[in-house]
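First listed ligand is number 1; within each ligand, the first listed atom is number 1. Numbering starts at 1 and runs along the sequence shown.
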Amino acid sequence: MKGEIRLTLLIQSTKKLSNGVEMPRFGLGVYKMTEKEEAFNAMVTAIKSGYQAIDTAAVYQNEEEVGEAVRASGTLRKELFITSKVWNTDQGYDETLRAFETTLNKLKFDYLDLYLTHWPHPEKFVDTYRAIERLYDEKLIRAAGVSNHHQHHLEKLFATANVKPMVNQIELHPNLCQVSLREFCAENDIAVTSWSPLARGRLLDDQTLKGIAEKYGKTTAQVIIRWHLQHDLIVIPKSVTPERIKENANVFDFELTAEDMANIDSLNKNERTGTDPDKMFS
Ligand SMILES: NC(=O)C1=CN([C@@H]2O[C@H](COP(=O)(O)OP(=O)(O)OC[C@H]3O[C@@H](n4cnc5c(N)ncnc54)[C@H](OP(=O)(O)O)[C@@H]3O)[C@@H](O)[C@H]2O)C=CC1
Ligand SMILES: O=C1CO[C@H](CO)[C@@H](O)[C@@H]1O
């Protein structure tokens with residue numbers, strides 16, 4: 001019990017976004033949680049274990065379960081940070097406003113903490129973000145952001161946006177370190193969230209990571225999550241397995257040395273598990 005309380009306190013570390021909103025550095029990703037009961041149980045387990053953030057999207061088809069899990073968790077809505085995203089087929093100004101309303105209705109919330117353009121649709125991402133800015137101005141979302149945006153997409157947004165995106169959620173893990181995009185985001189005060197932080201499980205048998213994990217008495221997943229946190233990234237590992245949900249959160253009681261951070265950095269191969277945003281719509 002004592003250990004659980006300690007873990008809960010430790011995982012409540014936040015990153016201050018450019019507008020001053022505190023975003024939890026650690027949360028639960030819920031992609032592929034489409035089986036309703038499994039999704040609901042995983043989300044409740046996470047919140048009860050101290051997770052303060054959930055990352056969903058309209059296309060994940062589990063926004064209802066997110067809302068239900070929040071209400072069933074015994075944690076106040078305002079203690080949690082919920083992100084969702086507008087899917088590609090709903091992009092455009094009016095379409096995004098409508099999609100947001102649907103999302104809010106599914107969640108049965110009266111606001112979202114963060115809303116993102118899921119992918120930069122070449123003809124529509126600027127208008128999509130304009131709608132997200134309107135939602136921000138109307139205080140329906142606490143922070144405005146994007147996902148899968150390269151530097152050139154962000155530069156295009158900067159030319160028209162009144163408010164720079166506060167977050168860019170991109171694929172990022174030791175095989176895809178995204179160094180230059182991370183630097184560009186830092187220069188522009190855009191927080192970076194790592195999606196597929198465990199490379200969808202593909203990195204868990206890596207020998208370098210296994211060796212480092214052994215040294216700290218941690219698992220490979222915990223070492224990777226710690227690597228994200230020490231790089232000032234927001235990290236949202238997904239798991240439906242109760243033990244793993246707890247394991248992934250148990251990363252606040254050790255620190256990787258600079259040498260181990262550099263060893264993990266050296267695993268970079270610029271290798272994606274998902275699609276390059278520039279190829280998503282071609
Ligand atoms: N913006 C975007 O375009 C995208 C956003 N995302 C977001 O990022 C989140 C995370 O990315 P995701 O693609 O889900 O992949 P992750 O890198 O988080 O890996 C998830 C996989 O790793 C397994 N796993 C998790 N923890 C452990 C552990 N401790 N030990 C062993 N295996 C483990 C899970 O299995 P199991 O569940 O069976 O336990 C699952 O198979 C998504 O859920 C979503 O919220 C993801 C993709 C694109
Ligand atoms: O969030 C997501 C989950 O993964 C999907 C398949 O790769 C992506 O298209 C989507 O962006």
**Request:** For ligand 2, find out whether one of its N or O atoms is nearer than 3.5 Å to an N or O atom of W87.
**Result:** no
**ligand 1 contact on K238 by region, counting heavy-atom pairs under 4.0 Å** = both
**Prompt:** For ligand 2, is any non-hydrogen atom under 4.0 Å from K32's backbone (N, CA, C, O), its side chain (CB onward), both, or neither?
**Reply:** neither
**Message:** Geometry only, no angles: is A221 polar-contacting ligand 1 at N/O separations under 3.5 Å?
**Reply:** no
**Request:** State whether the shortest distance between N or O atoms of K85 and N or O atoms of ligand 2 falls below 3.5 angstrom.
**Result:** no
**Message:** Can you confirm whether the side chains of E171 and T273 place a donor and an acceptor under 3.5 Å from each other?
**Reply:** yes
**Message:** How about CD on E155, more than 12 heavy atoms from neighbouring residues, nucleotides or ligands closer than 6.0 Å, or not?
**Reply:** yes
**Request:** Mind checking the CD1-CD1 spacing from I264 to I224? Nearest 0.5 Å is all I need.
**Result:** 8.0 Å
**Message:** Quiz question: by atom type and distance under 3.5 Å, do the side chains of H231 and D265 form a donor-acceptor pair?
**Reply:** yes
**Complete:** Here the atoms of ligand 1 under 4.0 Å from any heavy atom belonging to D55 are 7 (C), 44 (C), 45 (O)
**Prompt:** Can you find an N/O atom of L204 closer than 3.5 Å to an N/O atom of ligand 1?
**Reply:** no
**Message:** Looking at non-hydrogen atoms alone, which of Y31, W119, Y60 comes nearest to atom 1 (O) of ligand 2?
**Reply:** Y60
**Asked** Side chain, backbone, both or neither: which part of W195 comes within less than 4.0 Å of ligand 2 when only heavy atoms are counted?
**Response** neither
**Request:** Show which atoms of ligand 1 fall inside a sub-4.0 Å distance from at least one heavy-atom site of A199.
**Result:** 17 (O)
**Request:** Check whether any N or O atom of L198, backbone or side chain, sits under 3.5 Å from an N or O atom of ligand 1, and answer yes or no.
**Result:** yes
**Prompt:** Is N148 in polar range of ligand 2, meaning some N or O pair under 3.5 Å apart?
**Reply:** no
**Prompt:** Is the closest heavy atom of N148 to ligand 1 under 4.0 Å?
**Reply:** yes
**Complete:** Contact region, A57 to ligand 1, non-hydrogen atoms below 4.0 Å, reads neither
**Message:** Just verifying a value: how many Å separate R71 CZ and T75 OG1, rounded to the nearest 0.5 Å?
**Reply:** 13.5 Å
